[in-house]
Structure formats: structure tokens, C-alpha cells
Amino acid sequence: MPPLTADAERVVNWLSTVRFCESLDSEQLAAIANEIRIRTFAAGQTLASAGEEVTEFWILVEGELDSFLIDPRGREKWLGTVRQGETVGEISILEKAPTRHLRFTGRTHGTLLVAPAASLHAWVKTYPQMMLNLFHTL
């Protein structure tokens, strides 16, 4: 395996601290890191809106996100806070839901690790421990 770039090494370090990747070795983390990009966000920035297609899986590695649910009457209600180490989008992706039910906004400045939805499907097949880790976090 070729040496990791500085960004990939940073991603591996983050992945090694999140429950989603618990029990994976450094080689497996490096393979996953190659499919991830880093995305920063600002406090107050809307990162995803209800009704949008879910095409990405996120791991929050710095900062916090607020999540809001839209009820059938179109009213928005604060649902909760996504904290460091938690994941976003996995349920919609694994259920193959056509659209997102929640809006996510930066509560603070922060950083996400972002992967295509297809990568999540591949990872849970290749690394079954990831699915168990997801169950533990839900």
C-alpha cells in the first residue's frame, strides 16, 4: 500500500477515534480513508435540508450539528444535537430512502468526513463489524 497523504493520515486518525470504525485495523482504516473527503462547516450553515436526496454518509469529527424534523404540516421542530464521533445519513442510505427527513445545521464550526452512499454499502459488506458498530450507536 502506498504511503498516506497528510489528509489521508488525518482522516485515519479521526476514524480510529469513532465508534463506527471500532475494531478495524490501520490497513482497513487507510482503505476507508481513501474514499473520504473532508468538509468543514460554519455555525448556522445549513448542510442538508429535508426533502433532499441522501447521497452522502457523514461522520462528525469536530463540532456539533443541530437536527430539525419537519412534521406533516410543514412545521419544523428541533430534534437533537449530533455530536463528535456520531454519524449522519446511514439509516436513510441503508433503507434506500428516496429523500432525507431532517434538516442539519451547524451548531458550531466543525468538520465532517464525507463518503458517497455507495461506499457505506460497500463498507458494511466488506467490514461486517461496521454494521454492528452502527447498531450500537443507534
Side-chain angles (χ1 to χ4, degrees):
M1 175 176 273
L4 296 174
T5 65
D7 272 351
E9 192 171 312
R10 194 167 147 214
V11 170
V12 167
N13 288 335
W14 274 323
L15 291 174
S16 69
T17 67
V18 297
R19 183 152 194 176
F20 174 68
C21 294
E22 199 171 87
S23 300
L24 298 180
D25 64 35
S26 58
E27 192 171 296
Q28 293 168 326
L29 294 175
I32 291 166
N34 286 326
E35 298 181 53
I36 288 179
R37 64 183 172 81
I38 299 169
R39 178 180 176 189
T40 59
F41 60 88
Q45 178 182 354
T46 296
L47 301 165
S49 297
E52 292 178 345
E53 182 180 7
V54 182
T55 61
E56 299 175 330
F57 169 69
W58 301 343
I59 302 171
L60 182 63
V61 292
E62 294 177 339
E64 294 182 337
L65 300 174
D66 278 328
S67 60
F68 299 88
L69 179 66
I70 310 299
D71 73 16
R73 293 184 182 177
R75 295 175 299 197
E76 189 172 78
K77 181 179 179 180
W78 180 78
L79 185 62
T81 302
V82 181
R83 293 189 164 65
Q84 186 173 328
E86 295 179 340
T87 57
V88 175
E90 69 279 4
I91 294 171
S92 295
I93 292 168
L94 294 173
E95 287 182 344
K96 297 181 181 175
T99 58
R100 178 181 309 282
H101 298 289
L102 303 176
R103 179 173 70 87
F104 292 95
T105 302
R107 181 182 188 95
T108 65
H109 294 326
T111 306
L112 294 170
L113 301 182
V114 179
S119 293
L120 178 62
H121 284 287
W123 295 340
V124 297
K125 287 179 185 168
T126 305
Y127 312 111
Q129 181 63 40
M130 284 184 149
M131 186 60 87
L132 293 173
N133 294 343
L134 284 175
F135 284 131
H136 288 291
T137 61
L138 300 175

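Start at 1 with the first residue, then count along the sequence.
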### Query
Could you walk me through whether Phe20 and Phe57 pass the ring pair (Phe, Tyr, Trp, His ring centres under 6.0 Å) check?
CA-CA 12 Å; Phe20 174 68; Phe57 169 69; 5.0 Å; yes
hydrophobic_cluster_shared for [Y] and [X], side chain cutoff 4.5 Å:
| X | Y | value |
| --- | --- | --- |
| Val124 | Val114 | no |
| Ile38 | Val61 | yes |
| Met130 | Leu134 | yes |
| Val18 | Leu29 | yes |
| Val82 | Leu112 | yes |

#### Entry: Those residues that, when tested against His101, pass side-chain contact (heavy atoms from CB on, under 4.5 Å) (two or more places apart)
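Listed in chain order: nothing, the list is empty.
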How many angstroms lie between atom [atom1] of [X] and atom [atom2] of [Y], to the nearest 0.5 angstrom?
| X | Y | atom1 | atom2 | value |
| --- | --- | --- | --- | --- |
| Ser67 | Leu47 | OG | CG | 12.0 Å |
| Leu65 | Thr46 | CG | OG1 | 10.5 Å |
| Leu113 | Trp58 | CG | CH2 | 12.5 Å |
| Ile59 | Leu120 | CD1 | CG | 9.0 Å |
| Ile91 | Arg100 | CD1 | CZ | 11.5 Å |
| Leu60 | Phe104 | CG | CZ | 10.5 Å |

Grab the two heavy atoms, one from [X] and one from [Y], that are nearest each other, plus how far apart they are.
| X | Y | value |
| --- | --- | --- |
| Val54 | Ala117 | O-CB, 4.4 Å |
| Ala115 | Ile36 | CB-CG1, 4.1 Å |
| Leu15 | Cys21 | O-CB, 3.3 Å |
| Gln28 | Leu24 | OE1-CA, 3.3 Å |
| Lys125 | Pro128 | O-CD, 4.1 Å |
| Thr108 | Gly63 | OG1-CA, 3.2 Å |

### Message
As a test of understanding, state which of Glu62, Arg39, Arg10 forms a side chain to side chain donor-acceptor pair (under 3.5 Å) with Thr111.
### Response
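Passing option: Glu62.
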### Query
Hey, is the main chain of Asn13 close enough, under 3.5 Å, to the side chain of Ser16 for a donor-acceptor pair?
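Answer holds: yes.
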### Query
Any sub-3.5 Å donor-acceptor pair from Asn133's side-chain atoms to Arg19's backbone N or O?
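Indeed, once roles are kept as given, a pair shorter than 3.5 Å links the two residues.
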### Message
Taking atom NE2 as the centre, does His109 end up with more than 12 heavy-atom neighbours from other residues, nucleotides or ligands that are less than 6.0 angstrom away?
### Response
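Counting other residues, nucleotides and ligands, NE2 of His109 stays at 12 neighbours or fewer.
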### Leu102 vs Val88, side-chain contact (heavy atoms from CB on, under 4.5 Å): CA-CA, chis, key distance, verdict
CA-CA 10 Å; Leu102 303 176; Val88 175; over 6 Å; no
### Task
Check the pair Glu56 / Arg37 against side-chain contact (heavy atoms from CB on, under 4.5 Å), numbers first and verdict last.
CA-CA 11 Å; Glu56 299 175 330; Arg37 64 183 172 81; 2.6 Å; yes
### Query
Which one of Gln84, Glu86, Arg107 satisfies the side-chain contact (heavy atoms from CB on, under 4.5 Å) criterion with Glu64?
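The single option meeting the side-chain contact (heavy atoms from CB on, under 4.5 Å) with Glu64 is Arg107.
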### Query
Asp71: what forms a salt bridge (charged side-chain N to carboxylate O under 4.0 Å, His left out) with it, not counting sequence neighbours?
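Once residues adjacent in sequence are excluded, the partners of Asp71 under the salt bridge (charged side-chain N to carboxylate O under 4.0 Å, His left out) criterion are Arg75.
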### Query
Are side-chain heavy atoms of Met131 and Leu94 found at a separation under 4.5 Å?
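Heavy-atom side-chain distance check passes, below 4.5 Å.
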